[in-house]
Number of protein chains: 2
Amino acid sequence: MNDIFKKIGTTQTLSQKIERNIERAIREKKLPIGSKLPSERELCEMFAVSRTALREALRRLSARGLIEIRKGSGMVVKKINMKDAIDSLNLYYDLKFDMNLISQIIELRLAFEPEIAKMAALNRKDEDLANLEQNLIDFAACDPDNTQLESDMDNKFHLNVARATGNPFVIVTMEPVHNLLPRMRNFIYANIEGEKEITLGYHKEIVNAIRERDAERAYEKMQAHLDRNMQVYNKFMKIPEQD
Amino acid sequence: MNDIFKKIGTTQTLSQKIERNIERAIREKKLPIGSKLPSERELCEMFAVSRTALREALRRLSARGLIEIRKGSGMVVKKINMKDAIDSLNLYYDLKFDMNLISQIIELRLAFEPEIAKMAALNRKDEDLANLEQNLIDFAACDPDNTQLESDMDNKFHLNVARATGNPFVIVTMEPVHNLLPRMRNFIYANIEGEKEITLGYHKEIVNAIRERDAERAYEKMQAHLDRNMQVYNKFMKIPEQD
DNA sequence: GCTTCTTATTGGTGTGACCAATTGCTGAAA
DNA sequence: TTTCAGCAATTGGTCACACCAATAAGAAGC
């Protein structure tokens, strides 16, 4: 029965209508990026609503990253930035995270990251290469006892490869995934001994391939790297308790 | 200079502090999913703030999908849902979209979708298969003159494959990308004549592979499909005007 | 025991006031 | 004329209070 008569009205509140209105204006570029919105008092008159309702609409828009509000100076249409998109993904994954997601993270990385390495080899700028090489140095130099730092550098390496693709979709996809990796580590028994040199070896080979723009080799090396990585991971994976 | 002295204070407003406070409580599961928040009046007392400030914090939280507000009944911590995450990605991509992104959309699809087809073949449930087969029927049946509907069905096919992976990361990645495809079509001269049968043929082969859980074949067929797709696309691509 | 009506609770909107940060003007000093 | 301190206007932030509208819980009637 509930399936037959779904709710229709959803009775939008006034402030939601205002929100949609302004959002549409922004999406249709009637309010171009960087342009200043009328002041709150002016908007109240234009929409013929109270300041209360208007402000709640504005709060929502700023929460979603559409506008920027500065006390004393006014409101502007925000230049859309990747960070807002990634933040909301982080929030989603963060709240959703559990044991079951771990295998799916691994699955995704095994499937996508070799392709990403290939893309990086084809598209990388000199700056990207420099970042990757700096990461190799930092990784090699970091204190062997500081396992926290080590895994951070490892994460950063993979993020740098994703960034080197220059493809925003790739970056938005992988950043939040890599942000989950530290939490995954809580589910394995220990930081694996003696893996640093092996990891560093793979990283170097991947960077070499990317440097020479050798897409196929970048693909293969990344695949080999992750295969090994995941084998180790599975070996040390905690058996989940029954409940 | 701007890089050296970044702004420090950012003088959080009161309502932002309240927002962070409640957000933290939710992230730390002190307010579990589905639990009811105290009423606005109560929260005002607890935080010792006015209703205005509190409500603006609540508006932000609901805009970000953390809580659900129902007039007359109260506020509850929302079960995290994929739709919110995808919505904000849609917004980001939508505002960012331009000619330059098209090649990156194509690049991403060529790289990821064959892998996704492989995953789908390995993980698909009976329900996923049913959806895919229904799509084949609908696609075959749809009015040849209705090019709009045709391309919708095409999009849906690829989305169904992504969903069949059962991997939320894959779905979140691909949904917003496929939402951009209709806009991409504005940049080609015409809907390509006589391509429907060819497309349908590829789709059938992909579904067959997925049905038989033949991962490698699903990969190959998807790759072949997209390769052909993109060739046609490039052929009919409008040359961008100089400006 | 069930339905219907009433009532209390909860979020939504409106008004008017005042606070605080920012901007821009103004007039005095160099 | 130029510079700059200081004032005034503008703009967003917060508050208090009143009232509306949707919902849920309890009371009354069957």
Side-chain angles (χ1 to χ4, degrees), chain A residues 1-2 5-23 25-26 31 34-79, chain B residues 1-2 5-23 25-26 31 34-79:
Chain A
M1 196 65 171
N2 289 330
F5 297 112
K6 292 202 171 184
K7 60 184 168 193
I8 298 176
T10 324
T11 44
Q12 271 195 335
T13 68
L14 179 57
S15 69
Q16 283 173 324
K17 287 183 202 163
I18 300 170
E19 182 190 5
R20 305 266 177 269
N21 232 295
I22 299 176
E23 178 181 351
I26 294 175
L31 288 172
S35 65
K36 208 163 171 311
L37 272 74
S39 74
E40 291 188 354
R41 273 86 170 178
E42 286 177 282
L43 285 171
C44 288
E45 280 190 43
M46 294 164 65
F47 286 115
V49 295
S50 74
R51 234 185 119 199
T52 314
L54 176 75
R55 278 178 60 81
E56 304 207 338
L58 295 171
R59 293 287 91 65
R60 276 207 279 272
L61 289 169
S62 83
R64 296 168 54 205
L66 277 155
I67 64 175
E68 187 175 337
I69 303 177
R70 280 188 295 250
K71 171 149 65 163
S73 66
M75 303 172 288
V76 295
V77 179
K78 203 166 157 189
K79 181 172 176 304
Chain B
M1 196 63 170
N2 290 329
F5 296 112
K6 294 203 171 185
K7 59 182 167 194
I8 297 176
T10 324
T11 42
Q12 271 194 334
T13 67
L14 180 56
S15 67
Q16 282 174 322
K17 287 183 202 163
I18 300 171
E19 182 191 5
R20 305 263 176 271
N21 233 293
I22 299 177
E23 179 182 351
I26 293 175
L31 288 172
S35 64
K36 207 161 172 309
L37 273 73
S39 74
E40 291 188 353
R41 272 86 170 177
E42 287 177 283
L43 284 171
C44 287
E45 280 190 42
M46 292 164 66
F47 285 115
V49 296
S50 75
R51 231 183 121 202
T52 314
L54 175 74
R55 278 177 60 81
E56 304 207 337
L58 295 172
R59 292 286 92 65
R60 283 211 194 75
L61 290 169
S62 82
R64 296 169 55 204
L66 277 158
I67 64 175
E68 186 176 338
I69 304 177
R70 279 189 295 251
K71 171 151 61 164
S73 67
M75 303 171 289
V76 295
V77 180
K78 203 166 157 190
K79 180 172 178 303

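To find a chain, count down the sequence lines: A is the first, B the second, and so on, and within it residues start at 1.
- The line from CE of A:M75 to CG of A:L66 is 13.0 Å long, rounded to the nearest 0.5 Å.
- Looking at heavy atoms from C-beta onward, A:I22 lies in side-chain contact with A:L31 at the 4.5 angstrom threshold.
- Straight-line distance from the NZ atom of A:K71 to the P atom of C:dT23: 13 Å, rounded to whole Å.
- How far CE of B:M46 is from CZ of B:R41: 15.5 Å, rounded to the nearest 0.5 Å.
- Listed by chain and number, the residues in a side chain to side chain donor-acceptor pair (under 3.5 Å) with B:E19 are B:R64 (sequence neighbours excluded).
- Interatomic distance, A:L58 CG to A:I67 CD1, rounded to the nearest 0.5 Å: 5.0 Å.
- In terms of the salt bridge (charged side-chain N to carboxylate O under 4.0 Å, His left out) criterion, residue partners of B:R70 (sequence neighbours excluded) are, by chain and number, B:E68.
- We find that CD1 of A:I69 is positioned 14 Å from C1' of C:dA21, with the value rounded to whole Å.
- One end of the helix from C:dG1-D:dC30 to C:dA30-D:dT1 points its axis 0° away from the other end's axis, with each axis taken from 5 pairs and the angle rounded to 10°.
- For the atom pair A:R60 CZ and B:L61 CG, the distance stands at 11.5 Å (nearest 0.5 Å).
- Across the protein-nucleic acid pair, B:E42 atom CD and C:dT10 atom P stand 6 Å apart, rounded to whole Å.
- With a heavy-atom cut-off of 4.0 Å to chain B, the contacted part of DNA chain D has its first and last nucleotide at D:dG13 to D:dA24.
- Mapped onto DNA chain D by nearest heavy atom, A:R70 and B:S73 fall at different nucleotides, with A:R70 at the one closer to the 5' end.
- The residue A:R41 sits close to a base: some heavy atom pair falls under 4.0 Å.
- Contacts of A:E45 classified as side chain to side chain donor-acceptor pair (under 3.5 Å), with partners at least two apart in sequence or in another chain: none.
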So if I define the base as every atom that isn't primed, P, OP1 or OP2, how would nucleotides 4-9 of chain C read as a B/S/- string at a heavy-atom cutoff under 4.0 Å? -----B
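- Between the P atom of C:dG12 and the CG atom of A:L14 lies a distance of 11 Å, rounded to the nearest Å.
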Show your reasoning for whether side-chain contact (heavy atoms from CB on, under 4.5 Å) applies to A:K36 and A:V77. CA-CA 7 Å; A:K36 208 163 171 311; A:V77 179; over 6 Å; no
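- The closest side-chain heavy-atom distance from B:I69 to B:R59 is below 4.5 Å.
- Listed by chain and number, the residues in a side chain to side chain donor-acceptor pair (under 3.5 Å) with B:S35 amount to none (sequence neighbours excluded).
- Interface residues of residues 47-60 of chain A facing DNA chain D, ordered by number: A:R51, A:R55, A:R59; criterion, heavy-atom separation under 4.0 Å.
- By the salt bridge (charged side-chain N to carboxylate O under 4.0 Å, His left out) test, B:R55 pairs with A:E56, B:E40, sequence neighbours left out.
- The two residues B:L14 and B:A53 come nearest to each other via the heavy atoms CD2-CB, 4.1 Å.
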